[in-house]
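Below is one structure, written out as structure tokens; the observations come after it.
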Amino acid sequence: MTQTSPMASPMTPAITPAIVSLKQASKAYQGQQVLSQIDLDLAPGEVLGLFGHNGAGKTTMMKLILGIMPPSQGKVEVFGVDPMSKQAWLGRRNIGYLPENVSFYDELTGKQVLNYFARLKSVDKQSVLALLEQVGLSHAMNRAVKTYSKGMKQRLGLAQAFLGEPKLLLLDEPTVGLDPIATKEFYQSVDKLKSDGASIILCSHVLPGVEQHIDRALILGSGKVLAIGTLAELRQQANLPVAIRTQGLNGSLQQDAALNGFMVGADLLHVSEAQKMAVMRQLMSLESLKDIQLEPADLGCLYQHFLSQAADKSAAKPHSAEERVQP
Ligand SMILES: Nc1ncnc2c1ncn2[C@@H]1O[C@H](COP(=O)(O)OP(=O)(O)OP(=O)(O)O)[C@@H](O)[C@H]1O
């Protein structure tokens, strides 16, 4: 007879506590609201892309999670505790942070800088050399940081954030200054950290290339969550058209009464998700069709959509009495 552990019944799936939890978290600076009622649960091993225009509140959100400052309202928990509490001190070793603008002691060498951070984080010095290798800085590790290029400083910043195999990584504009190869290597490191169980919040203005490395995207606009979800969920919410590119039809699309209403170019159609399959079947029935490519809305299009939707809503709102007064 098989025995079922009382701890792991198949009927009661284990509830994994969130690594980061924000509940109705808001932040104001000198009375000016910059984050409003943010709700977020970040699961272990989850990679969240945090996107928003300049001043949307991304760095502020990271500062709340790091425990640099408290929310004005609402609650923030990291590893189950308030990140500003004494209990959170030890947990900080499990957090890696890459600030938006990295700056180091210029007179120290890259290796000395990392050794210094390794001591602060009580991380074994052995891992310093491996990390320098991982970010491609071994050849320059004995040179003063003041001789490093912008991209090299950014790589050193990443090595610093990766120290001690953190369980939570907050990366603010991690690919700024990186060349295409270093960017690719950076995303490989993200994938590896994720597969080792780390949770990551990755904030970026460079949208192409990010989508295959994130589980969910959070789009912030003027301190508010405009959208959050997997790309599939965001596509469903946005209901943007899917682009279908065809080859070989040589003008026959125009003559097809069922298809020509979807045409936006000679070999290009835009269809809604709901119509996609019917249009595809119709296209496949055309003998001259040589090739077909389906392009769903990418992260850039989704970002634009949610931002302009928010702008339209705000333009449609009646203005307050103060705003209506003409000088
Ligand atoms: N210490 C501060 N005092 C007053 N206002 C601040 C302070 N820090 C940030 N702000 C304001 O809060 C808002 C959000 O800033 P934040 O740095 O979080 O934006 P961001 O989304 O990270 O922007 P960016 O993409 O430009 O880095 C901005 O309007 C900014 O001017």
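Sequential numbering from 1 along the given sequence is applied to the chain's residues.
- Inter-residue side-chain proximity for L269 and V264 is flagged as unmet; no heavy-atom pair is nearer than 4.5 Å.
- Put simply, L48 and Y97 are part of the same group of oily side chains (I, L, V, M, F, W, Y) that touch within less than 4.5 Å, one to the next.
- Of the possible donor and acceptor atoms, one in the side chain of E211 sits under 3.5 Å from a partner among the backbone N and O of L299.
- Closest approach of C301 and L240 over heavy atoms only: O-CD1, 3.8 Å.
- Within 6.0 Å of the CD atom in E133, the count of heavy atoms belonging to other residues, nucleotides or ligands does not exceed 12.
- Here the straight-line distance linking atom CD1 of I200 with atom CD1 of I214 works out to 11.5 Å at 0.5 Å rounding.
- By the rule that hydrophobic residues join a cluster once side-chain heavy atoms approach within less than 4.5 Å of another member, F186 and L131 end up as members of one cluster.
- In plain terms, the two heavy atoms of S204 and T175 that are nearest each other are OG-OG1, 4.3 Å.
- At least one donor-acceptor pair under 3.5 Å links the side chain of R235 to the backbone N or O of A297.
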Next item on the list: Walk me through it: do L64 and M69 pass the test side-chain contact (heavy atoms from CB on, under 4.5 Å)?
Entry: CA-CA 6 Å; L64 295 185; M69 57 194 186; 4.1 Å; yes
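- Residues L168 and I65 have side chains in contact (heavy-atom distance under 4.5 Å, counting atoms from C-beta outward).
- At least one side-chain heavy atom of M141 sits under 4.5 Å from a side-chain heavy atom of L132.
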Checklist line | side-chain contact (heavy atoms from CB on, under 4.5 Å) evaluation trace for Q282 with F262 | finding: CA-CA 12 Å; Q282 182 78 14; F262 298 107; over 6 Å; no
Next item on the list: Check the pair K194 / D215 against salt bridge (charged side-chain N to carboxylate O under 4.0 Å, His left out), numbers first and verdict last.
Entry: CA-CA 10 Å; K194 174 187 163 59; D215 297 302; 2.8 Å; yes
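- Residues L226 and L220 form no side-chain contact, since every pair of their non-hydrogen atoms from C-beta on lies 4.5 Å or further apart.
- V123 and L156 end up in the same hydrophobic cluster when Ile, Leu, Val, Met, Phe, Trp and Tyr side chains are linked at under 4.5 Å.
- At a threshold of 4.5 Å between side-chain heavy atoms, the hydrophobic network of Ile, Leu, Val, Met, Phe, Trp and Tyr places V78 and M84 in two separate groups.
- Looking at K121, its side chain does come within 3.5 Å of a backbone N or O of I95 through a donor-acceptor pair.
- When hydrophobic clusters are built by joining Ile, Leu, Val, Met, Phe, Trp and Tyr residues whose side-chain heavy atoms come closer than 4.5 Å, directly or via intermediates, L120 is grouped together with V102.
- The two residues S36 and K224 come nearest to each other via the heavy atoms CB-CG, 4.0 Å.
- In this structure, L171 and I201 have side chains that are not in contact, with every pair of non-hydrogen atoms separated by 4.5 Å or more.
- One distance of note links CG of L35 with NZ of K63; it measures 11.0 Å at 0.5 Å rounding.
- A distance of 6.0 Å separates CD of Q293 from CD of E295, quoted to the nearest 0.5 Å.
- Judged by distance alone, with hydrogens and angles left aside, the side-chain atoms of D124 form no donor-acceptor pair with the main-chain N or O of S127 at under 3.5 Å.
- Using cut-offs of 30° and 60° on the angle between ring planes, the pair H213 and Y187 is parallel.
- In this structure, the side chain of S199 engages the main chain of A43 through a donor-acceptor pair within 3.5 Å.
- Applying the 6.0 Å contact sphere to CD of Q32 captures no more than 12 heavy atoms from other residues, nucleotides or ligands.
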Next item on the list: Check step by step if salt bridge (charged side-chain N to carboxylate O under 4.0 Å, His left out) holds for D39 and K75.
Entry: CA-CA 9 Å; D39 283 315; K75 199 168 153 188; over 6 Å; no
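- Looking only at side-chain heavy atoms (C-beta outward), P208 and V210 stay at 4.5 Å or farther from each other.
- We find the CG-CZ distance between L114 and R119 to be 14.5 Å, quoted to the nearest 0.5 Å.
- Between the side chain of R216 and the backbone N or O of T230 there is no donor-acceptor pair closer than 3.5 Å.
- Residue T183 holds its OG1 atom at 9.0 Å from CD of E185, rounded to the nearest 0.5 Å.
- Scanning both residues, P296 and L294, for their nearest heavy atoms gives CD-O, 3.6 Å.
- Residues L202 and V47 share a closest heavy-atom pair of CD1-CG1, 4.5 Å.
- In terms of heavy atoms, V145 sits closest to F104 at CG1-CB, 4.3 Å.
- Checking side-chain atoms of S122 against main-chain N and O of A118 turns up no donor-acceptor pair under 3.5 Å.
- Here the CG atom belonging to D106 is positioned 12.0 Å from the OG1 atom belonging to T109, to the nearest 0.5 angstrom.
- Checked by atom type and distance alone, the side chain of K58 pairs as donor or acceptor with a backbone atom of H53 at under 3.5 Å.
- The backbone N or O of S21 lies less than 3.5 Å from no partner atom in the side chain of D41, so there is not a single donor-acceptor pair.
- A 6.0 Å sphere centred on CD of E165 holds no more than 12 heavy atoms belonging to other residues, nucleotides or ligands.
- Remark: the backbone N or O of G157 is paired with a side-chain donor or acceptor of Q160 at under 3.5 angstrom.
- Within the 4.5 Å cutoff, the side chain of M61 has heavy atoms near those of the L40 side chain.
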Checklist line | Check against side-chain contact (heavy atoms from CB on, under 4.5 Å), L169 and F162 | finding: CA-CA 8 Å; L169 268 143; F162 294 160; 3.9 Å; yes
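- Two residues are said to be in side-chain contact when any heavy atoms from C-beta on lie closer than 4.5 Å; D172 and M62 meet this criterion.
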Next item on the list: Take F51 and H205, measure what side-chain contact (heavy atoms from CB on, under 4.5 Å) needs, and give me the verdict at the end.
Entry: CA-CA 7 Å; F51 308 110; H205 288 293; over 6 Å; no
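- Taking the ring centroids of Y105 and Y116, they lie under the 6.0 Å cut-off.
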